Amino acid sequence: MQDKMIARAKELLRDGAVNRVLGWKTGEFVYDITPAVFTSAEELDRDFVFDAFTAANLSKYLVKESKKEGKVLAFLKPCDSYSFQQLIKEHRVDRENVYIVGIPCEGKVDIEALKARGISGITAIEETADAVTVKTVYDEDITVAKQDVLFERCVNCKSKKVVICDEMLGENGEIVDSDRFDAVAKLEAMTPDERFAFWQNELSRCIRCNACRNVCPACTCEKCVFDNVNSGVEHKVAANSFEESLFHIIRAYHVAGRCTDCGECSRVCPQHIPLHLLNRKFIKDMNELYGEYQAGADTETRPPLVNFSMDDCEPSIVYQRGGNA
Amino acid sequence: MYQLSLDNLQNFFRQIAAHEKLYIPTDKDNVAVYAEYAEGMQLTQKLNTNRSAKDFFFPQTENLYDLRMNGKNLEIEDTREACEDFVVFGVRACDVRSFAILDKVFLADPVDSYYKNRREHGTVVSLACTRPEETCFCQSFGIDAAAPEGDAACWIADGSLYIKANTEKGETLLSYVADLLTESDGSAVAAQQEKTRQLLAKLPLANTDFEGMKKTDLMAHFKSPKWAGLSEACLGCGTCTFVCPTCQCYDIREFDTGSCVKKFRCWDSCMYSDFTLMAHGNSRNSQLERFRQRFMHKLVYFPDNNDGVFGCVGCGRCLAKCPISMNIVKVEKALEVQDA
Amino acid sequence: MQVENKEFKPLIVAFCCNWCSYAGADLAGTNRLNYPADVKIIRVPCSCRVNPMFILRAFQRGADGVIICGCHPGDCHYTTGNYYARRRMTALFSMLDYLGIEKGRTRVEWVSAAEGQRFAETMNSFVSTIISLGENKRLEDLRCKTK
Amino acid sequence: MTKETLIPLLGVVTDIRADTPDVKTFRVEAPNGGKVFEHIPGQCAMLSIPGAGEGMFSITSSPTNKEFMEFSIKKCGKLTSWLHQMEVGQEIAIRGPYGNGFPVDTEFQGKDLLFIAGGIGLAPLHSVINYCRDNRDKYGKIDIVYGSRSMDDLVDYKEIIDEWCAEDGIDVYLTIDRAQEGWDGHVGFVPNYVKELGFDTNKTAVICGPPIMIKFTLAGLVELGFDKTQVYTTMELRMKCGVGKCGRCNIGDKYVCKDGPVFRCDQLAEMPDEY
């Protein structure tokens, strides 16, 4: 796929259809891949990469890139295409300045999951269709099935379909029947005390680095309330459990109805907090209470929180269901 | 050098904990963290803790003092709590060196008494590495992962813990566990060090050389055209700063509790847009400038002010944690190319 | 099991919409209907003015319960404000429940300008719910509790 | 310096003067009288008010004054607005002194001095001007060029007219940006006025004012034949700790709060342009 992408990018550059390419750039050790803008065929040949580790969602970069001079070619995976379409819906990107090439995705490998298997000192990684083979300085040669080391978001993939593109490289996939809400349901089934203990433990690890916020393609405010000195909540550090909860509730709430469940927040969290479980709770609730809704699936429908119906349920429904008082 | 069978490790911890608060790296939620020793707590098998050890001396947040205003009267109350003696066990060579770098900042005149107080009460027991990771590059800064510094240094080899005191504090620590220790000639340690050093030489970043940065002067690095490309993907989050053992920038803020105003200090990141924001404007408006500041500070400004010592210890945390995998090694390599 | 604490005086914050519920509270007052003095009313233009942050901040500052009162659905002064508020608060309350905050610490009630009686009853019932739940310990900021 | 670097001392505001519509001068003394701490001209202090924040201000009074310190402060943000509202008798938190100050006892000694200020930029120079007046025999001729938007915006106008202008060996040149009724002095921007006045190049110059004014005045002086080593300026940047540790005012290998705020212009030329 990488070769096909480079070839197509070079064609489009040469034809003048675009003047730059947004993609992924190789790093020092196979897996440390950085999003980058390429402007020439040489750069593409030298540095462009697309493999099991090109996990970063490029849509957010298009907010800025699409405002620049000329058309930019962006390679979007299914997840990224949902985020991009949501940004179009919110008028955050200039669609006409972006040429989108959709690319299929079979899931991305989480290096942390590999390392959690005790693999360290990685010197090389080889990838086949359904496995990765890792070589280490300890003269090991370890083969792991991809399925076992995918990101959580890929294990519970919601859609392999690129929802918006100018052209598709390879075959577009379909929306997948996923079990992504199972983890949320499991938490809902706990008692409040258990849930409280669970989240206290998770959120107490937060170091307030803002990676979850800054990577989120839905978090595109010019000035975040948590950076606004006049908001009274701009503190740079989660000084206690209250501020941890406050930050994460508001962060998730602010993208509720707009979150496409791309899973970037959990991917980047240096403290491994399962932030997607907060976002998914909102999605699950809204699906159940206001009808199925997938952010980014289209550009017309109104997101549930900026919509209403006369016969919506009352907020007290929250305390009536579940039954785990 | 002294020796202790690993079967006795719990006794070793127990006896230290009987004298002073003891922190050891242990596994929690799939990562290693420093935790106060409790009966039966196991030492992690992981190379290093998820967060750095700088919290022990420079915590992410700490209260400085309280202010109370009553009409025109103001009351200033120093609220710091007395610091007890404590021991941090199992600090890796890179993190031990980070304390020396923080010392250069906080113990320089005028001394930061909050930091100094903790530093004086803390005993650092290092632990030699045996299984370095690909993200490690401490050797680029002259750090020997097989021979860590610290008040006392430890090695784990052939089912035994070897320990050697380097300072008076280290000697005091050994006195807590004297009955558990036997003399050793350290041959097992030497053999293990040899093995570790061979592994270190094979690491992918083994040949990263930061000294090349010094060949070019400050303004040439500052004006390098490379910064634009390096910083273009930067999200402006503070991950690299907050996992870094040597980042020391802080903010002083206040929290109004309703009954008083608490002045506290907390880690800050030069990557944040409001770091240099003032009432009349911002001196670093773009992420390029902020990104450049972080690396210029570590690789150029800090050595300029501190006899050539870089503000980095090669622990590799930022390499592993950056959401977009941009890091100090890539920056160094890019700037180096420009020199050639 | 919550031990009944006679000493416990809950602090309740009530966000009342200017057009209905605040007038309802006024009516309760002029009719001399009793409701606990623990309820502190904050007047807002519309129930949909209530940002989730307001609710969390109230808890931070020591509130034990937060209630949002607005016009009855269909009667909003701004036509549809309370419909939006209804969805938003549902989502927020559900999230608080998900995080393990006690059910019932937050509530939404629709009270019209003519319902002084209903306002007093609502407040009485909410205060007694909060008394039975006890002090807010799960969304508190200890710094605000020190003297 | 304040013994605990981050913990302030108490100061009492004993006098407040309104200098211009948006500048007030505050006199601060220790609760038991006298100065809270000693300083040298050009140094700063951190003033704080609970709830309004903390900010770095230059000390405008001369160290030769043994009874009190003064601060001329322009209203422009949250903290300064609060300060402008307070009344005499208010206690505030103060720590310092911070920064290097002007080299009054070394490089300045025996030199003819040229002070150039724009607007509130007079505040840091006020201290050094009065210090030089009080140690008159140590310095040569003193020239002061001071400009502001309008007559009403000239800080310390009364003192300038009554004391500075009246003193032998001091020449004061005032200017305002636009002509106005009641003003028969010079009209025009400071950098141009300096060029018009055409000073001898054997002087040591000190500039303070808005960044744009500093830039053009420096260019003007260079045009007149001044060398950058003869020109000093004082800067302000966001500061939190005041002791070169919090990293906020770091430019190049300098910390403005510790290595500055006074810089010689040839030093500035070697620093990254981030101020």
Side-chain angles (χ1 to χ4, degrees), chain A residues 24-25 27-37 53 56 58 60-61 64-65 111-112 115-116 118-124 136-139 201-202 205 207-216 223-224 227-229 232 234-240 243 264 267-273, chain B residues 28-31 33 45-47 50-51 60-61 63 131-136 199-205 208 229-230 232-243 251 253 255-256 262 264-269 271-274 277 317 319-327 329-330 333:
Chain A
W24 301 267
K25 186 177 174 177
E28 295 291 322
F29 8 76
V30 192
Y31 64 79
D32 59 334
I33 287 158
T34 304
V37 176
F53 296 99
L58 301 180
K60 192 173 189 179
Y61 291 107
K64 275 202 179 122
E65 282 300 326
I111 188 68
E112 301 271 359
K115 289 189 176 180
I119 300 171
S120 71
I122 299 170
T123 52
T136 72
V137 285
Y138 304 104
D139 295 324
N201 180 46
E202 294 295 341
R205 292 203 299 275
I207 55 172
R208 200 58 187 277
C209 65
N210 289 320
C212 50
R213 178 193 72 180
N214 290 17
V215 79
C216 176
K223 182 141 195 151
C224 176
D227 287 343
N228 180 354
V229 286
E234 85 291 7
H235 297 131
K236 283 185 175 152
V237 63
N240 56 24
E243 287 199 338
E264 286 285 274
R267 176 181 74 85
V268 301
C269 180
Q271 294 286 81
H272 304 151
I273 303 171
Chain B
K28 185 170 184 283
D29 303 317
N30 297 322
V31 294
V33 295
Q45 294 299 308
K46 295 196 165 59
L47 178 68
N50 206 40
R51 290 174 68 166
Q60 183 159 19
T61 174
N63 286 333
R131 278 184 75 85
E133 291 191 4
E134 70 278 7
T135 48
C136 295
L199 284 168
L200 286 166
K202 286 202 281 181
L203 291 178
L205 300 180
T208 314
L230 289 167
E232 74 184 349
C234 179
L235 298 168
C237 74
T239 307
C240 51
T241 322
F242 289 176
V243 298
D251 196 353
R253 290 186 165 243
F255 178 80
D256 191 344
K262 286 189 174 299
F264 65 97
R265 95 164 142 197
C266 59
W267 297 352
D268 201 352
S269 174
M271 291 287 197
Y272 287 165
S273 57
D274 61 349
L277 184 70
R317 287 189 179 89
L319 276 68
K321 298 294 181 190
C322 175
I324 54 131
S325 299
M326 179 44 72
N327 55 57
V329 172
K330 290 183 181 178
K333 292 200 168 167

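A, B, ... follow the sequence lines: proteins, then strands. Residue 1 opens every chain. Predicted model only: the values in this text are computed from it and were never measured.
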Ranked by heavy-atom pairs below 4.5 Å to chain B, first place among Y61(A), Y138(A), Y31(A), W24(A) goes to Y138(A)
Which atom pair, heavy atoms only, marks the closest approach of A233(B) to T34(A)?
CB-CG2, 3.9 Å
Would you mind checking which part of R213(A) comes under 4.5 Å of any heavy atom in chain B, side chain (CB onward), backbone (N, CA, C, O), both or neither?
neither
Search all heavy atoms of L205(B) against all heavy atoms of E28(A) and return the closest pair with its distance.
CD2-OE1, 3.9 Å
Measure distances from D139(A) to the heavy atoms of chain B and classify the residue's part below 4.5 Å as side chain, backbone, both or neither.
side chain
Select, from V243(B), T61(B), T241(B), L199(B), the one with the greatest count of heavy-atom pairs under 4.5 Å involving chain A.
L199(B)
N30(B), CG: over 12 other non-hydrogen atoms inside 6.0 angstrom
no
Option in Q45(B), R51(B), R317(B) with maximal non-hydrogen atom pairs under 4.5 Å from chain A:
R51(B)
Heavy atoms of I122(A) and E134(B) approach each other most closely as N-OE1, 2.9 Å
Between P323(B) and A211(A), the two heavy atoms sitting closest are CG-CB, 4.0 Å
Do K28(B) and N201(A) make a side-chain contact, defined as non-hydrogen atoms from C-beta onward lying under 4.5 Å apart?
yes
Of all the heavy-atom pairs spanning S120(A) and P132(B), show the shortest one and how long it is.
OG-O, 4.3 Å
Let me know if A36(A) has heavy atoms under 4.5 Å from chain B in its side chain, its backbone, both or neither.
both
Determine the option with the most heavy-atom pairs under 4.5 angstrom with chain B, choosing from V229(A), T123(A), V37(A).
V37(A)
So NZ of K321(B) and CD of Q271(A): to nearest 0.5 Å the spacing works out to 7.0 Å
Toward chain A, the part of R131(B) with a non-hydrogen atom under 4.5 Å
both
Quick check on the interface: out of D256(B), L203(B), D251(B), D29(B), who has the most heavy-atom pairs with chain A under 4.5 Å?
D29(B)
Given a strict heavy-atom distance threshold of 4.5 Å, which part of A116(A) is in contact with chain B: side chain, backbone, both, or neither?
neither
Could you tell me whether a side-chain N or O of Q60(B) sits under 3.5 Å from a main-chain N or O of I207(A), the two making a donor and an acceptor?
yes
Quick one: what part of L47(B) sits under 4.5 Å from any heavy atom of chain A, side chain, backbone, both or neither?
neither
So, for K223(A) and L277(B), which heavy atoms are closest and what is the spacing to 0.1 Å?
NZ-CD2, 4.0 Å
Does NZ or CZ of R208(A) come closer than 6.0 Å to the centre of the six-membered ring of F242(B), within 45° of the ring's axis?
no
Is K46(B) close to chain A through its backbone or its side chain, or both, or neither, when contacts mean heavy atoms under 4.5 Å?
neither
Can you say whether S269(B) sits under 4.5 Å from chain A via the side chain, the backbone, both, or neither, judging by heavy atoms?
neither
Pick one: which of N327(B), V329(B), L319(B), I324(B) meets side chain to side chain contact (heavy atoms under 4.5 Å, CB included) with D32(A)?
N327(B)
Ranked by heavy-atom pairs below 4.5 Å to chain B, first place among E264(A), K60(A), K115(A) goes to K115(A)
Under the side chain to side chain contact (heavy atoms under 4.5 Å, CB included) criterion, do N210(A) and M271(B) qualify, and how do the steps go?
CA-CA 11 Å; N210(A) 289 320; M271(B) 291 287 197; over 6 Å; no
With only heavy atoms counted, which part of T135(B) is less than 4.5 Å from chain A, the side chain, the backbone, both or neither?
both
